[in-house]
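This report concerns only the one structure given below.
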Amino acid sequence: MTDSAGDVATGPASEDAVIEAIATVHDPEIPVNIYELGLIYAIDLYDDGRVKIEMTLTAPNCPSAQELPVQVKEAVEKVSGVASAQVEVVWDPPWDMSRMSDEARLALNMF
């Protein structure tokens, strides 16, 4: 396996690299990435390169419900050291604005 620079990947991916990949995914209706929105509940990294992610959406009827998990999976699978990614959408606990980062609140004028 090689990374984007063509170097041979060594060891499993770091959590920081996975978070960085997730942060490239944006909800099309909100100009903030889904990590800063607080939609990612858990990231589990395994020694064999598997990554399991639990995420939620802002609402069950979110128009992006089908595409966002696929975008997260595809972004994470590009990270050096990731063999495969599984994304599970969960609804418990329900998302609310308290999960947003300060950066997201500032970008959305929600202070």
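Along the sequence shown, residues carry numbers from 1.
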Report task. Indicate whether the side chain of D16 and that of S14 have a donor and an acceptor atom separated by less than 3.5 Å. Result -> no
Decide yes or no for [X] and [Y]: does some side-chain heavy atom of the first lie under 4.5 Å from some side-chain heavy atom of the second?
X	Y	result
I22	I34	yes
T58	S64	no
E67	P28	yes
M55	E88	no

Query raised in the report: Applying the 4.5 Å side-chain criterion to the ILVMFWY set and letting contacts propagate, would Y46 and V82 be lumped into a single cluster?
Result: no
Query raised in the report: Can V70 be reached from I53 by stepping across I, L, V, M, F, W or Y side chains whose heavy atoms are under 4.5 Å apart?
Result: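 Different clusters: I53 never reaches V70 through Ile, Leu, Val, Met, Phe, Trp or Tyr contacts under 4.5 Å.
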Query - Test item: Y41 side-chain N/O and P93 main-chain N/O as donor-acceptor pair under 3.5 Å - result: yes
Report task. With M100 as reference, evaluate I30, L106, L37, L39 under the side-chain contact (heavy atoms from CB on, under 4.5 Å) test and give the passing residue. Result ->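 Among I30, L106, L37, L39, the one meeting side-chain contact (heavy atoms from CB on, under 4.5 Å) with M100 is L37.
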Report task. Among K73, E54, Q71, find the residue that satisfies the side-chain contact (heavy atoms from CB on, under 4.5 Å) test when tested with V87. Result -> K73
Query - Exceeds 12 heavy-atom contacts within 6.0 angstrom, atom CD of E20 - result: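 No - once you tally the heavy atoms of other residues, nucleotides and ligands closer than 6.0 Å, there are 12 at most.
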Heavy-atom pair of closest approach, residues [X] and [Y]:
X	Y	value
V18	I43	CG1-CG2, 3.9 Å
H26	L68	O-CD2, 3.7 Å
T24	A75	OG1-CB, 3.9 Å
D48	R50	OD2-NE, 2.9 Å

